[in-house]
Amino acid sequence: MVERRSISSAQKQQEAARIWLSYYNRVLYEKGIISEQERNRMTLQIDRRRQPSQTP
């Protein structure tokens with residue numbers, strides 16, 4: 001049986017923000033506005049934003 005967890009409004013907003021940040025990061029890289037190194041650094045920062053809120 002699959003356990004379902006309810007997702008709060010704040011969690012939904014955080015996930016939406018993460019998705020948009022990742023999208024813009026990718027677009028900036030694809031258009032040549034930022035370097036691969038800058039993209040990678042930003043990807044790490046975006047991923048770190050959500051780690052403290054994750055609970056098992």
Side-chain angles (χ1 to χ4, degrees):
M1 181 171 247
V2 176
E3 180 182 327
R4 294 185 184 202
R5 295 188 306 182
S6 63
I7 299 173
S8 71
S9 178
Q11 288 172 319
K12 287 180 185 177
Q13 288 178 338
Q14 286 178 345
E15 186 63 13
R18 187 191 66 77
I19 290 168
W20 278 110
L21 288 170
S22 295
Y23 168 76
Y24 284 122
N25 190 39
R26 187 180 75 241
V27 168
L28 291 172
Y29 174 70
E30 289 173 354
K31 292 185 178 272
I33 297 171
I34 61 174
S35 68
E36 183 177 6
Q37 182 181 17
E38 291 170 313
R39 179 198 65 174
N40 293 342
R41 185 174 39 216
M42 189 59 76
T43 298
L44 289 173
Q45 290 178 358
I46 292 168
D47 289 344
R48 282 189 205 129
R49 279 177 54 113
R50 71 178 181 166
Q51 287 178 350
S53 65
Q54 289 181 344
T55 54

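Throughout, numbering of the chain's residues begins at 1 and tracks the sequence.
Rounding to the nearest 0.5 Å gives a distance of 6.5 Å between OG of Ser22 and CG of Asp47. Interatomic distance, OG of Ser9 versus CD of Gln14, reported as 10.0 Å (0.5 Å rounding).
What you find for Asn25 and Ile46 is that their closest heavy atoms are CB-CD1, 4.3 Å. The minimum heavy-atom distance between Arg49 and Ala17, with the atom names listed, is NH2-CB, 4.2 Å.
Here Arg26 pairs with Tyr23, Glu30 under the side chain to side chain contact (heavy atoms under 4.5 Å, CB included) rule; sequence neighbours left out.
Between Lys12 and Glu15, none of the side-chain N atoms (NZ, or NE/NH1/NH2) sits under 4.0 Å from a carboxylate O, so this pair counts as no salt bridge.
Residue Val27 is grouped with residue Trp20 when hydrophobic side chains (ILVMFWY) are merged at heavy-atom distances under 4.5 angstrom, including chains of intermediate members. Cluster annotation: Met42 and Tyr29 are assigned to distinct hydrophobic clusters (Ile/Leu/Val/Met/Phe/Trp/Tyr, side-chain heavy-atom contacts under 4.5 Å, transitive).
Counting only heavy atoms from C-beta outward, the side chains of Ile33 and Glu38 never approach each other to under 4.5 Å.
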